[in-house]
Amino acid sequence: MILLISDLHLEEERPDITRAFLDLLSGRARSAQALYILGDFFEAWIGDDAMTPYQLSICQAVRELSDSGTQVFLMHGNRDFMLGKAFCKAAGCTLLKDPSVVELNGEPVLLMHGDSLCTRDEAYMRMRRYLRNPVTLWVLRHLPLRTRHKLARKLRSESRTQTRMKANDIVDVTPEEIPRIMQEYGVRTLVHGHTHRPAIHKLQIGEQAARRIVLGDWDRQGWALQVDEHGFALAHFDFGNPRLTVE
């Protein structure tokens, strides 16, 4: 069994989500071959050198899962793109590029966070290119902690405001981008998060049937994609109850 999750947006202010994640680590994830976290693991991350006691406790919990034998893979999201090698080493997880192709159930599957698919949001795409530039990242990581904290608060506030003002189709994926990138990577299954719109979309790419699986965000409930001998099952669960309900 393999589990894929995304968009937990972990922060101290949401102890319900934290408890649900820790329950997953100590429960279902212990019997998984691998756990993939496809971005926005944390609500904000200003650098591995600035880990709070809370973030360190999450790091240690992931390390315990890794030490138990479950492989853990982590992908950057738009909220935590500054997660680095130091965190991954301490947590015992592997940092994946966005996008990445992995084999699940003998099938090549394209994994993404999903924000790069929202190409109609031109302002966001410009900001994304700027923030992900290696030079920009180097500068950000060397800013004083106080400055990084202020910048993170400013970016989060602006993001919330702009998202509320934009049309739904602007902040969702661009439909034409889906077949393009799936053909580029030669896959028939794409799994991503970011949009907070969980669903399994059936597609036709050329003469082949394909699918796009969108992971849900953890807010009122948790979401996970379970891959096993029965196939791919997108499921949700109530916080405090680990039982999965398949969509």
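Bear in mind the structure is a predicted one, so any value in this text is a computation, not a measurement. The figures here come from the full heavy-atom set of this structure, side chains too, leaving out hydrogens, waters and symmetry mates. Numbering of residues begins at 1 and proceeds along the displayed sequence.
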Just do the side chain to side chain contact (heavy atoms under 4.5 Å, CB included) check on N105 and E229 with the steps written out, would you? CA-CA 7 Å; N105 268 13; E229 66 273 14; 5.9 Å; no
What are the two closest non-hydrogen atoms of M112 and P99, and how far apart are they? CG-CB, 3.6 Å
Euclidean distance, L38 CG relative to H76 NE2, rounded to 0.5 Å: 12.5 Å
Supply the atom-to-atom distance I17 CD1 to E43 CD, rounded to the nearest 0.5 angstrom. 9.0 Å
Less than 4.0 Å between a side-chain N and a carboxylate O, is that true for R63 and D67? yes
Over all heavy atoms of both residues, which pair between F21 and I58 is shortest? Give the atoms and the distance, please. CE2-CG2, 4.1 Å
Name all residues meeting the ring pair (Phe, Tyr, Trp, His ring centres under 6.0 Å) criterion together with H113; count only those two or more places apart in sequence or in a different chain, and write none if there are none. H194
Please confirm whether the backbone N or O of R79 pairs with a side-chain atom of D40, one donor and one acceptor, at under 3.5 Å? yes
List in chain and number order the residues that pass salt bridge (Lys or Arg N to Asp or Glu O under 4.0 Å) with R14, two or more places apart in sequence or in another chain; answer none if no residue qualifies. D16, D219
With sequence neighbours left out, which residue pairs that include part of residues 97-117 fulfil the salt bridge (Lys or Arg N to Asp or Glu O under 4.0 Å) condition? D98-R128, E107-R211, D115-R128, D115-R132
As an exercise, state the distance from CH2 of W138 to CG of L143, rounded to the nearest 0.5 Å. 9.5 Å
Check whether any side-chain heavy atom of L4 lies under 4.5 Å from a side-chain heavy atom of V227, and answer yes or no. yes
If the condition is side chain to side chain contact (heavy atoms under 4.5 Å, CB included), which residues does A210 pass it with, not counting sequence neighbours? M182, R188, L203, I205
Under the 4.5 Å side-chain heavy-atom rule for ILVMFWY, direct or indirect, which residues accompany L145? I46
Sidechain-backbone polar pair: Q55 side chain, T52 backbone, donor-acceptor under 3.5 Å: yes
According to the salt bridge (Lys or Arg N to Asp or Glu O under 4.0 Å) rule, which pairs have a member within residues 44-56, sequence neighbours left out? D49-R148
Return the set of residues passing ring pair (Phe, Tyr, Trp, His ring centres under 6.0 Å) with H230 (not counting sequence neighbours), or none when no residue passes. none
Which residues pass the side chain to side chain donor-acceptor pair (under 3.5 Å) test with Q226, not counting sequence neighbours? R28, D228
Less than 4.5 Å apart, side chain to side chain, heavy atoms only: is that true for W45 and F87? yes
If you apply the rule side chain to side chain contact (heavy atoms under 4.5 Å, CB included), what do you find for L111 with M75, and how did you get there? CA-CA 9 Å; L111 304 182; M75 182 176 285; 4.1 Å; yes
Salt-bridged, E176 to R180, with N to O below 4.0 Å? no
Partners passing ring pair (Phe, Tyr, Trp, His ring centres under 6.0 Å) against H9 (at least two apart in sequence or in another chain): H196
Rounded to the nearest 0.5 Å, what separates atom CG in L104 from atom CD1 in I2? 5.0 Å
Hydrophobic cluster membership, with links at side-chain heavy-atom distances under 4.5 Å among I/L/V/M/F/W/Y: are Y130 and L137 in one? yes
For S31 and M1, which heavy atoms make the closest approach, and how far apart are they? OG-CE, 3.6 Å
F42 backbone acceptor or donor facing D80 side chain under 3.5 Å: yes
Does the pair L190 and L117 meet the rule for a side chain to side chain contact (heavy atoms under 4.5 Å, CB included), with working shown? CA-CA 11 Å; L190 164 64; L117 297 169; 4.2 Å; yes
Residue pair A90 / C59: nearest heavy atoms and the distance that separates them: CB-SG, 3.5 Å
Should E122 and T119 count as side-chain neighbours, where that means a heavy-atom distance under 4.5 Å? no
Got V62 and L74 here, is their nearest side-chain heavy-atom distance under 4.5 Å? no
Greater than 12 external heavy atoms within 6.0 Å of M127's CE: no
Report the relative orientation of the aromatic rings in F237 and F239; use parallel for angles under 30°, tilted for 30 to 60°, perpendicular for over 60°. perpendicular
Main chain of R120, side chain of T174: is a donor-acceptor contact present, judged purely on distance under 3.5 Å? yes
Hydrophobic cluster partners of V214 (side-chain heavy atoms under 4.5 Å): none
E64: what forms a salt bridge (Lys or Arg N to Asp or Glu O under 4.0 Å) with it, not counting sequence neighbours? none
Close side-chain approach of V109 and V101, heavy atoms under 4.5 Å: no
For the backbone of I200 and the side chain of R212, can you confirm whether one donor and one acceptor N or O come within less than 3.5 Å of each other? no
Set of residues satisfying side chain to side chain donor-acceptor pair (under 3.5 Å) with respect to E13, sequence neighbours excluded: none
side-chain hydrogen bond (donor to acceptor under 3.5 Å, both in side chains) between S6 and Y36, intermediate numbers included: CA-CA 8 Å; S6 73; Y36 289 84; over 6 Å; no
Separation of H236 NE2 from W223 CH2 (nearest 0.5 Å): 5.0 Å
Does some side-chain heavy atom of T18 sit less than 4.5 Å from a side-chain heavy atom of Y54? yes
Does a sphere of radius 6.0 Å around CD in E177 hold more than 12 heavy atoms from other residues, nucleotides or ligands, not counting ones at 6.0 Å or beyond? yes
How long is the gap from CD1 on I37 to CG on L215, to the nearest 0.5 Å? 11.5 Å
Between W218 and F41, does the ring centroid distance fall short of 6.0 Å? no
Closest non-hydrogen atom pair, L22 against A61: CD2-CB, 3.6 Å
Using the side chain to side chain contact (heavy atoms under 4.5 Å, CB included) rule, take I181 and L110 through it: C-alpha gap first, then chi angles, then the decisive distance, then the call. CA-CA 9 Å; I181 198 160; L110 182 61; 4.1 Å; yes
Mind listing the closest non-hydrogen atom pair of T70 and L35 along with its distance? CG2-N, 3.9 Å
